[in-house]
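First comes the structure, then the notes that go with it.
Here is how names work: the chains are called A, B, and so on, in the same order as the sequence lines, proteins then strands, and each is numbered from 1.
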Amino acid sequence: MLTILFDGLAYGMLLFILAVGLCVTLGLMNFINLAHGAFAMAGGYVTALLMNRLGVSFYLCLPAAFLVCALIGVVLERTLYVRLYEKTHLEQVLFSIGLIFVAMASVDYFMGANPQNVILPAGLQGRIDLLGASVGIYRLFVIVICGLLAMGLQYALIHTRFGARLRAAVDDGRVARGMGIDVARIFTITFAIGSGLAGLGGALGTGILSIDPAFPLKYMILFLVVISVGGTSTITGPFFASILLGVADVTGKYFIPSIGGFIIYTIMVVVLILRPQGLFVRGGSK
Amino acid sequence: MSASHSAQDMQQTLLKQARWKWPEILFWLALASLYVLFPSKLSLLSEILILALLALSIDLVLGFAGIVTLGQGAFFGLGAYTAALMGKWGMGTAPLSDPLIGLIGAALVSGLVGFATSFLVLRGSDLTRLMVTLGVALMIEELANKLKWLTGGSDGLQGVLIAPILGNWDFDIFGKVSFVYCYVVVFVMFVIARQFMHAPFGLSLLAIKGNPLRARAIGLPVNERLVMVYTIAAMMAGVAGALLAQTTQFASLDMVAFHRSADALLILIFGGAGYLYGGFVGAFVFRVMQDVLGNITPQYWQFWLGIVLLLLVLFIRGGLLGLLRHLRDRYAPNLMGPPSSSRES
Amino acid sequence: MSIVLETKNLSKSFGGLKATDNVSFQLKAGARHALIGPNGAGKTTFVNLLSGVLQPSSGSIWLDGQDITNWTSRRRAISGLARTFQINQLFVDLTPLQTLMIAIAERQSSGAHLLHPVGSRKDHVEESVELLTRLGLADVMTQRVGSLPYGRQRLIEIALALAARPRVLLLDEPAAGVPESERGQILDVIDALPKDVALVLIEHDMDLVFRFAKSISVLVNGALFMEGTPSQIANDPRVRQVYLGEEEIAHV
């Protein structure tokens with residue numbers, strides 16, 4: 001039982017790192033980038049390529065995936081996404097689905113449709129005993145890394161100058177602009193960090209998630225669930241939402257395998273109806 | 001100019017919008033002529049008509065009422081399974097296996113579920129609606145997958161037998177009867193949709209889309225109308241699904257899948273929302289492109305579809321028909337009377 | 001004369017802010033009443049409460065002796081309470097003619113009709129054309145509302161409210177934002193409004209108020225500050241102070 005909880009926790013933490021960039025950019029610019037999962041996929045492929053073709057260590061692949069994806073993020077944001085902020089949600093959704101298709105087809109064309117396998121370093125294989133439960137070292141590693149990242153993000157958001165500006169911009173873009181905050185610049189940086197984190201998540205998750213061309217579409221739905229449950233005005237909301245979903249999904253599939261994805265879809269619809277602003281959001285300000 | 005004279009003129013102006021215009025008549029004649037021109041492509045053509053009907057059902061909800069939906073495929077799938085199950089249980093004999101009764105059954109089931117879920121899209125922003133409709137569609141898809149005893153799960157529903165149409169015309173392997181059947185049913189559905197949208201009902205939907213706050217302030221029952229149009233559209237999508245199940249004598253998870261909602265939405269946006277014909281134009285281009293590019297490699301098709309989507313959003317708002325209208329307003333403003341006021345969303 | 005619209009101890013708070021503070025207000029049939037007050041006095045909030053856009057925190061609203069506090073805006077609208085908006089709220093993609101056809105169809109409960117095309121009801125078309133002509137919009141009946149000059153759009157605001165054949169009409173700053181050249185037309189239209197319609201004019205512009213109003217309520221900080229005839233209000237030193245105070249701030 002504890003082992004399952006633990007697996008769910010690892011999955012949820014990973015989900016958070018994957019989705020947090022999407023949530024913050026949505027809150028910041030009211031811009032919905034469904035192609036966010038493509039960045040995570042890119043991170044996974046960067047890792048697979050570096051490790052399998054060039055023999056780079058897994059540990060080095062993680063920052064590499066972050067950097068590559070952050071870079072792609074900046075380029076795309078400056079060239080393409082910037083044209084979409086004034087458009088409707090529907091157009092943004094269509095555009096990002098278009099991007100997903102292009103990304104999926106390109107990856108399929110160059111890398112094939114099969115999932116990428118990586119061999120985790122020896123230090124991450126095997127299991128240890130923790131609190132009486134048998135726990136995979138790799139999953140522990142994922143939890144620790146993601147936990148540190150989450151704490152780092154929260155700290156940065158609360159205690160740094162950039163974080164304060166970001167919060168002001170999310171709270172009320174117009175007022176922030178009036179105060180001389182360069183919201184567009186903040187957005188570019190946030191977008192880059194968010195894309196980088198998604199890439200890092202993709203890299204980190206190569207042992208848990210299946211890295212294949214269908215990745216962006218498969219996880220798009222999960223990301224939407226995280227947004228609908230967690231809201232977009234904080235990062236603690238998406239954090240708890242991710243963990244809740246991770247645990248619900250893993251335990252649900254373990255105990256009632258026949259129910260499949262039903263649990264999370266139900267959670268999503270029910271939350272959307274009862275709390276359109278997200279479950280973990282105080283009040284309803286917008 | 002006296003006031004009464006002017007009122008008469010205005011009545012004519014209003015009524016003229018609802019009258020059938022030449023390009024429309026030509027369009028339907030051209031569609032019928034495909035039966036003679038491409039006898040080897042009839043099943044593809046039937047499929048295009050079915051897809052167009054699904055896109056038309058989204059047009060009512062999105063193009064007229066302004067409700068964004070990513071879940072119309074669920075109603076399509078419900079209709080398909082209903083018609084297929086009726087065919088199976090009826091074992092090829094009327095009444096259950098009768099195709100027209102099958103259509104009615106599919107419309108009722110889809111309409112019922114559409115009515116029940118319509119209340120979920122009354123509130124919220126575009127984004128909430130996208131997610132709610134997507135969520136409901138995913139739940140229905142998952143349900144179809146899990147209810148193996150009823151739907152056959154991932155193997156699909158086998159043994160679907162459909163009685164001859166009106167007890168007279170049996171479906172043939174060349175798809176001749178199928179095409180005529182689809183053509184007639186889709187045409188009838190189109191005429192109904194067209195009539196509804198040119199009636200006060202359709203105009204009130206445009207008002208809701210334009211400004212729901214004001215619509216309420218002039219006493220327009222916004223929620224009631226939205227429930228109505230959502231239910232009607234669900235019924236139409238159900239009929240489209242039933243057509244596919246009946247003409248292929250099969251129902252599968254593919255018919256409820258998410259990609260069908262997405263495809264249909266893309267088709268509509270591509271063709272142009274709010275014109276009633278957008279779905280038809282979009283379905284043609286989409287399926288023909290898919291046939292040509294998909295034959296080279298499947299990835300090609302997906303790649304170019306993605307590129308087309310990107311260009312569409314960046315450069316041509318309002319889809320192909322929007323582009324046409326724009327060109328017409330610019331170069332030949334008097335060709336087809338005054339520009340209609342129902343523009344893209 | 002009989003009272004058509006009444007509020008009893010009406011209040012509305014947003015968080016800690018009292019936007020409407022215990023307002024008890026009465027409107028007689030066919031009245032020409034103005035609601036004035038400095039910026040932020042809560043005039044628009046009060047109108048939104050009356051028309052059902054907002055729900056009050058406490059108190060009640062009565063129309064023709066019926067408690068309508070919990071009615072939707074739609075039900076109020078079809079019961080004879082119409083309003084215009086301070087900022088145009090129109091169907092910009094439709095034509096003025098279509099706009100009025102919608103309003104008239106809803107008034108006649110035929111807005112959900114499915115089969116006969118818009119325009120088949122001759123009486124509806126005639127009424128629309130008559131109303132648009134009366135408001136000087138005959139030449140733009142079939143143009144897109146969004147393409148018309150602002151002043152013309154303000155007139156459509158009023159036409160749309162009149163199409164409901166209201167007994168009470170709330171005009172929220174009807175001339176706001178209208179260029180001087182188009183202003184005269186709007187004043188003429190207000191002048192010619194049917195005498196049996198009780199009019200509440202929410203205004204900032206004192207010229208307009210003193211031209212039309214037979215009675216005036218002054219709203220300050222959400223509360224009813226005083227009521228009286230135009231001459232009483234004009235000569236009241238406290239009202240002057242409220243306004244002069246604001247004037248001074250505005251001039252700094």
Side-chain angles (χ1 to χ4, degrees), chain B residues 1-20 66 191-225 227-229 232 274 337-345, chain C residues 51-53 72-79 82-85 88-95 97-99 101-122 124-130 132-134 138 141-146 157 160-161 163-164:
Chain B
M1 194 163 62
S2 75
S4 70
H5 177 72
S6 157
Q8 199 129 47
D9 287 353
M10 288 304 123
Q11 187 173 25
Q12 286 314 310
T13 311
L14 286 171
L15 289 174
K16 210 170 114 188
Q17 296 199 349
R19 228 168 273 148
W20 283 81
V191 171
I192 294 174
R194 194 181 180 286
Q195 203 71 23
F196 285 6
M197 291 307 113
H198 280 102
F201 176 67
L203 192 56
S204 73
L205 294 181
L206 289 177
I208 293 170
K209 174 175 145 187
N211 193 332
L213 172 73
R214 188 53 185 252
R216 283 199 179 85
I218 60 169
L220 208 156
V222 171
N223 290 355
E224 220 170 88
R225 295 289 152 80
V227 167
M228 233 169 117
V229 70
I232 292 172
S340 156
S341 34
S342 55
R343 302 228 161 202
E344 100 283 2
S345 57
Chain C
S51 61
V53 173
T72 59
S73 16
R74 168 177 181 256
R75 195 159 165 212
R76 294 176 202 210
I78 53 181
S79 305
R83 71 170 291 188
T84 67
F85 290 81
N88 283 343
Q89 299 285 345
L90 296 169
F91 312 122
V92 290
D93 285 325
L94 303 182
T95 65
L97 181 63
Q98 285 174 317
T99 303
M101 290 295 288
I102 294 170
I104 292 167
E106 293 306 334
R107 192 191 74 216
Q108 306 271 24
S109 338
S110 67
H113 280 196
L114 292 168
L115 295 179
H116 298 292
V118 174
S120 23
R121 288 285 300 266
K122 186 141 197 245
H124 288 190
V125 184
E126 275 168 354
E127 189 184 336
S128 305
V129 170
E130 190 271 322
L132 286 169
T133 310
R134 182 141 59 88
M141 278 192 278
T142 56
Q143 291 178 26
R144 198 174 152 268
V145 168
E157 273 281 333
L160 193 47

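- Between chain C and the options B:P221, B:G210, B:A18, the largest number of non-hydrogen pairs under 4.5 Å is found for B:P221.
- A pairwise comparison of heavy atoms in B:S6 and C:M141 identifies OG-CE, 3.8 Å as the closest pair.
- For C:H116, the part lying under 4.5 angstrom from a heavy atom of chain B is the backbone only.
- Between the B:Q11 side chain and the C:G119 main chain, a donor and an acceptor come within less than 3.5 Å of each other.
- Between C:A112 and B:M228, the shortest heavy-atom contact is O-CE, 4.0 Å.
- Looking at B:R216, both its backbone and its side chain come within 4.5 Å of chain C, counting heavy atoms on both sides.
- Atom CE of B:M10 is separated from atom CG of C:L132 by 9.5 Å, given to the nearest 0.5 angstrom.
- Heavy-atom pairs under 4.5 Å with chain C peak, among B:L213, B:L205, B:I192, B:I208, at B:L213.
- When the candidates C:L160, C:T99, C:V53 are compared by the number of heavy-atom contacts under 4.5 Å with chain B, C:L160 comes out ahead.
- Most heavy-atom pairs under 4.5 Å with chain B: of the set C:L90, C:I102, C:I78, this distinction falls to C:I102.
- Annotation for C:V118 and B:L14: closest pair O-CB, 3.7 Å, computed over non-hydrogen atoms.
- Across all their heavy atoms, C:E106 and B:I218 have their closest contact at CB-O, 4.2 Å.
- Across C:G146, C:S120, C:A105, the residue that shares the most heavy-atom pairs under 4.5 angstrom with chain B is C:S120.
- Using a 4.5 Å cut-off between heavy atoms, C:A103 touches chain B through backbone and side chain atoms alike.
- Side-chain contact between C:L94 and B:L203: present, with at least one pair of heavy atoms (C-beta onward) separated by less than 4.5 Å.
- Using a 4.5 Å cut-off on side-chain heavy atoms (C-beta onward), B:Q17 and C:P117 make no contact.
- In this structure, the separation between CG on C:L114 and CZ on B:F201 is 6.0 Å, given to the nearest 0.5 Å.
- Between B:R214 and C:E157 the shortest heavy-atom distance is NH1-OE1, 2.6 Å.
- Atom CG of C:L115 sits about 14.0 Å away from atom NE2 of B:H198, to the nearest 0.5 Å.
- Contacts of C:V145 with chain B are absent, with no heavy-atom separation under 4.5 Å from either backbone or side chain.
- In this structure, CE in C:M101 is found 12.5 Å from OG in B:S204, a value given to the nearest 0.5 Å.
- Nearest heavy-atom pair across B:P200 and C:S110 is CB-O, 3.6 Å.
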